[in-house]
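One-based numbering, in listed order, for ligands and for the atoms of each. As a basis for the values below, the full set of heavy atoms in this structure was taken, side chains included, without hydrogen atoms, waters or symmetry mates.
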Amino acid sequence: MLPRIGRHAGDGHTGDWRARLIDISPPISESTPVWPGDTAFTRAVTSDLGGSDAVTINRITTTPHIGAHADAPAHTRIDGATIGSVPLKPYLGEALVVDMTGVDGAACIRPVEETVERLGGHLPQRLILRTYPKYPREWDNDFPGVSPELTHWFADRGGVLIGIDGASFDPMDSKTMDGHHAASDRSVAILEGLCLDDVDEGYYELIALPLKFLDLDASPADAVDPLREFRREFAIPEGVLYFDGNSLGARPIAAQECAARVIGDEWGNGLVRSWNEAGWFDLPVRLGDKLAPLLGAGEGEVVVTDSTSINLFKALASALSIAAAQDPSRKVIVSERDNFPTDLYIAEGIISLLDQGYELRLIDQPGDLTEAVGPDTAVVMLSHVNYRTGNLYAMTEVTAAVQERGALMIWDLAHSAGAVTVDLSGADADFAVGCTYKYLNGGPGSPAFIWVNRRHQNTGIQPLSGWWGHARPFAMESAYEPGAGIRRFLSGTQPITSLSLVECGLDIMLKADMADIRSKSLALADLFISLVEERCAAYGLELITPREHERRGSHVSFVHPEGYSIMKALIARGVIGDYREPGVLRFGITPLYLGYADVWNAVDVLRGILENKSWDRPEFRERDAVT
Ligand SMILES: Cc1ncc(COP(=O)(O)O)c(C=O)c1O
Ligand SMILES: Nc1ccccc1C(=O)C[C@H](N)C(=O)O
């Protein structure tokens, strides 16, 4: 049984993660109304810290049918299962909230059908029915119940749970309890007394796990509902909790069909004609335009092409050429010691290739940046989200500070695109690069992207002057003439099969609201941090990710001296994160396919591994080539 989520709300270090969850459990206290004649909630203190006792302990007396609660089949059937023996799965997962406030009498089929039709035709396995415009604080005799027809109709369509805000599935005067019987006959789990005041119609993730009272007829349940509708777009193997979308995103289900189309039809049947007919030649630009809104960029500013490393080479070389034209005395490239190594290596490569006295100046922490940028600085090149710590730079402020000091700003968005809200135009940055295989779910090694501010597109030198960046590629002229606009940043022929798959990930991402992704990411990460700190406190994990939302990307990293073995043990148990030197356990938070229950379950596994020291085995110490 998972513990109550709500209990973690006020304990100081959890931040405001609950702000993005909707708690649909009314508070339980002595003033909580219960069915007339049933046992109200009372408590007595049996041991008191305020007195001379070592701990405080209460004793409670209550009906289990209090507040938001789950009815067990044993409530209305002599041979029915008790709440401690019901399966938990129905209480956890995607739910549709339907507004029944305008319906006379019991909740019925029609409004469900209408809502499903209006919202796009998908009926999940859980239904939550709202019958009150405002949840009653006093006992209300006049609740409508759930019609047996609705329960049968829903069970016929695979339904496993119905929840309602009213106090019961049957009206108050029912002697036959038909609503309850229909549910137990059809194995549909029952939730009653949900407070839905803040919940609009739509799809949510329901978490409403009953406390495991072995022999009881019901149990109080806590229910929280963050938005969740995208998980079914991804193929994630059974038994895997995937926390590594920051290295390689999960596979969109659509990718398989897309691959079959590109290979079978476009390549197989279209052959070379597909460069025109299937739009292969324009694909880098078309996908760039599709990606642009996720970066706060406009049309004609982004191409999807090459790798991040190669795009960084192009961006840095171009930026240096622009800076040199303005002020050739500026010879410093500022970056961060903790930047992803390829970024620093590429800068070193350009410096030695140009051989013009350029040097790399590395800061040791984000706070040192402004001091490091001065009249000698040509370009500043930073990862927006740090690959190891998850530190997030304030893009607008940093860009402004850099440009004020006369330098150009290049952002590496590898850990930002699809993970955090990005506004390149708003920040008026100079160049940006990033990959599509992480949060954009483009596939292993899928082509990366480059964004170039329009003011620079036709000015700098793009040194990888291949024919795809030529003004007239098929004129086959012997001299290079750079094309205009973002096409200049193309070099040569692209891996079309891999490039095509990028579109599947983008299409999913574009259906979601980036603000929702960001807030769910923060909520999941807050939950993850608070659970690890609370439940694994004894085992020496140290958080290296900033707690402040405005300084954090979309992964969470903990350091532990045995980090490598612990991560390998986690992966062996199906909790897939990754390891980075030194000692960093890194967990990617991908709101499109991770839910709150996944976080609970992953922390459970982590705690078990730490508690039993099951990481301490030779096979978990053996280093793989890729960590
Ligand atoms: C910040 C950052 N830049 C660049 C890269 C990699 O670049 P490439 O795709 O060229 O290997 C990564 C991860 O691989 C990264 O995290
Ligand atoms: N491209 C890869 C290939 C193999 C293994 C990992 C990667 C990564 O992307 C690592 C990632 N950039 C990181 O932040 O560690």
Is the ring centre of [X] less than 6.0 Å from the ring centre of [Y]?
X	Y	result
F528	F587	yes
H555	H415	yes
Y564	W615	no

Considering only NZ, NE, NH1 and NH2 on the basic side and carboxylate oxygens on the acidic side, decide whether [X] and [Y] come within less than 4.0 Å.
X	Y	value
R231	D598	yes
D507	K290	yes
E533	R547	yes
K331	E359	no

Show me which atoms of ligand 2 lie under 4.0 Å from any heavy atom of [X].
X	answer
R580	6 (C), 10 (C), 13 (C), 15 (O)
R586	13 (C), 14 (O), 15 (O)
Y437	1 (N), 9 (O)
V626	5 (C)

**Item:** Spacing of L543 atom CG and T389 atom OG1 [to the nearest 0.5 Å]
**Value:** 10.0 Å
**Request:** Determine, counting only non-hydrogen atoms of the protein, whether one lies under 4.0 angstrom from atom 7 (C) of ligand 2.
**Result:** yes
**Request:** Give a yes/no verdict on whether any heavy atom in H415 is under 4.0 Å from an atom of ligand 2.
**Result:** yes
**Asked** Touching ligand 2 at all, A414? Heavy atoms, strictly under 4.0 Å?
**Response** no
**Asked** H549 and R518: which non-hydrogen atoms are nearest, and at how many Å?
**Response** O-NH2, 2.9 Å
**Asked** Which atom pair, heavy atoms only, marks the closest approach of N339 to L382?
**Response** ND2-CA, 4.1 Å
**Message:** Evaluate K438 for polar contact with ligand 2, using N/O atom pairs at a separation under 3.5 Å.
**Reply:** yes
Extract all N/O-N/O pairs under 3.5 Å that connect ligand 1 to the protein, and present each with both atom names and the distance rounded to 0.1 Å.
residue, atom, partner, partner atom, Å
ligand 1, 3 (N), D343, OD1, 3.4
ligand 1, 3 (N), D412, OD2, 2.7
ligand 1, 9 (O), Y437, OH, 2.7
ligand 1, 10 (O), T308, N, 3.4
ligand 1, 10 (O), S309, N, 2.9
ligand 1, 10 (O), S309, OG, 2.6
ligand 1, 14 (O), Y437, OH, 3.0
ligand 1, 16 (O), H415, NE2, 2.9

